[in-house]
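Numbers restart at 1 for each chain; the letters A, B, ... are given by sequence-line order, proteins then strands.
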Amino acid sequence: MPELPEVEYTARQLRSALVGATIREVHLFWERTIGYPDVPTFLAEIAGRTIEGIRRRGKYLILDLSGNLFLSIHRRMTGNLLLLPAGWTLDTSLRERDPAVWNTKGPTFRLDSASGLSYSHELNYCRACLVFEDGRCLLYTDLRKFGRFELWEREREAEAFAQLGPEPLNGEFTVEGFASALAKRKGPIKQVLLDQLVVAGVGNIYADEALFYAGIHPLRSAASLNTDEVKALHTGIVTVLTQSIEHGGTSFSDYRDLWGEAGDNYNHVQVYKQDGKPCSRCGSLIERIIVAQRSTHYCPSCQKPTGV
DNA sequence: ATTTAGACCTGTCAGC
DNA sequence: TGCTGACAGGTCTAAA
């Protein structure tokens, strides 16, 4: 679900709300949410830590904790973070009443009416929550249970993110570096853009959007792009990611921000899930194909297979 | 050495 | 109305 812009937007919201807060305890409702280390160690080590800073790396949200640890959160497809004010109550009675339903839906959180917040379906599928000393609660909801939390020593950060390439928005991602990475790849450019080692944080939405921006067909071999095309695609990646952050990310069904609001970038998308609709540039109908088993959307006249 | 299919999970929607 | 299959923002692993 979230790609770089959605994670960045969440990080910014959390930074202003949670830096300085101390974690009292963690409740776990789906144990496999913890990817590293083992569950008992995770729970014992995280309690009592203070959040010193909040960052993003690729699609990972990073909470820097006291004692030189960091918590990394990857939301994969359907993970969301929601911040509850103090005054919530937790109902786990479903666990005994109907274990099968509990296993899928998780617990129920209730807010007193004074909270002013009105969450609805987002409160289902809670897999974990961090409870803070001041009574607030950071809920992690994840319908499909793919998301993972990991707790690492800060000195092992390189190891934790070994599978990530350059950050696209901080100067690490250069045209020269991008060109040499693409030159080694014979496969379709769409697939290569999804490789986090080539550029960190690009997913299915922004790969399609960046290719449309640059006028490049998704099936072109990455190595076949000329210098101008590589430059245009580089600009396209930076542009579509930056613009989406400004719009609060792209929401379809699941993605919500910290306070349960949907992102607005859906209204600015050019090709993603727009098949059958006219291209904003030329009016041709947007098409959908499968590339590397992922849905791929493009304009057949703006993005020619030959690149000519 | 690459590609590709399968796993991990649950829900929704289209078609019959 | 009910069943079946395709598909969903991601990434890892194993088999071809």
Taking A:Arg57 first and then A:Glu157, would you say they form a salt bridge - that is, a charged N and a carboxylate O separated by under 4.0 Å?
no

For the rings on A:Phe70 and A:Tyr60, is their centre-to-centre separation under 6.0 Å?
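For A:Phe70 and A:Tyr60, the ring centres are not under 6.0 Å apart.
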
So, is the end of the A:Arg95 side chain (NZ or CZ) under 6.0 Å from the ring centre of A:Phe29 and within 45° of the ring's axis?
no

[X] [atom1] to [N] [atom2], straight-line distance once rounded to whole Å:
{"X": "A:Phe149", "N": "C:dG10", "atom1": "CZ", "atom2": "P", "result": "18 Å"}
{"X": "A:Leu143", "N": "C:dC7", "atom1": "CG", "atom2": "P", "result": "19 Å"}
{"X": "A:Leu164", "N": "C:dG10", "atom1": "CG", "atom2": "P", "result": "14 Å"}

Which is true for [X] with a 4.0 Å heavy-atom rule: it touches a base, it touches only sugar-phosphate, or it touches nothing?
{"X": "A:Gln293", "result": "base"}
{"X": "A:Arg148", "result": "nothing"}
{"X": "A:Tyr272", "result": "sugar-phosphate"}

Roughly how far apart are A:Ser72 OG and A:Tyr36 OH, rounded to 0.5 Å?
11.0 Å

Do any side-chain nitrogens or oxygens of [X] fall under 4.0 Å of OP1 or OP2 in [N]?
{"X": "A:Lys186", "N": "B:dT2", "result": "no"}
{"X": "A:His74", "N": "C:dG10", "result": "no"}
{"X": "A:Tyr125", "N": "B:dT10", "result": "no"}
{"X": "A:Arg75", "N": "C:dG9", "result": "no"}
{"X": "A:Arg32", "N": "B:dC9", "result": "yes"}
{"X": "A:Arg76", "N": "B:dT10", "result": "no"}
{"X": "A:Lys59", "N": "C:dG9", "result": "no"}
{"X": "A:Gln196", "N": "C:dG10", "result": "no"}
{"X": "A:Ser295", "N": "C:dA8", "result": "yes"}
{"X": "A:Arg294", "N": "C:dC7", "result": "no"}

Donor-acceptor contact present, side-chain A:Arg49 to main-chain A:Ser66, <3.5 Å:
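Yes, A:Arg49 side chain to A:Ser66 backbone: donor-acceptor pair under 3.5 Å.
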
Quantified in whole Å, what is the P atom distance between nucleotide B:dA5 and nucleotide C:dC7?
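Those two atoms are separated by 13 Å.
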
Would you measure the distance from the P atom in C:dG10 across to the matching atom in B:dA1 and give it in whole Å?
28 Å

Answer yes or no as to whether B:dC8 has its base stacked against A:Phe146, where stacking requires a ring-centre separation under 5.5 angstrom and planes under 30 degrees apart.
yes

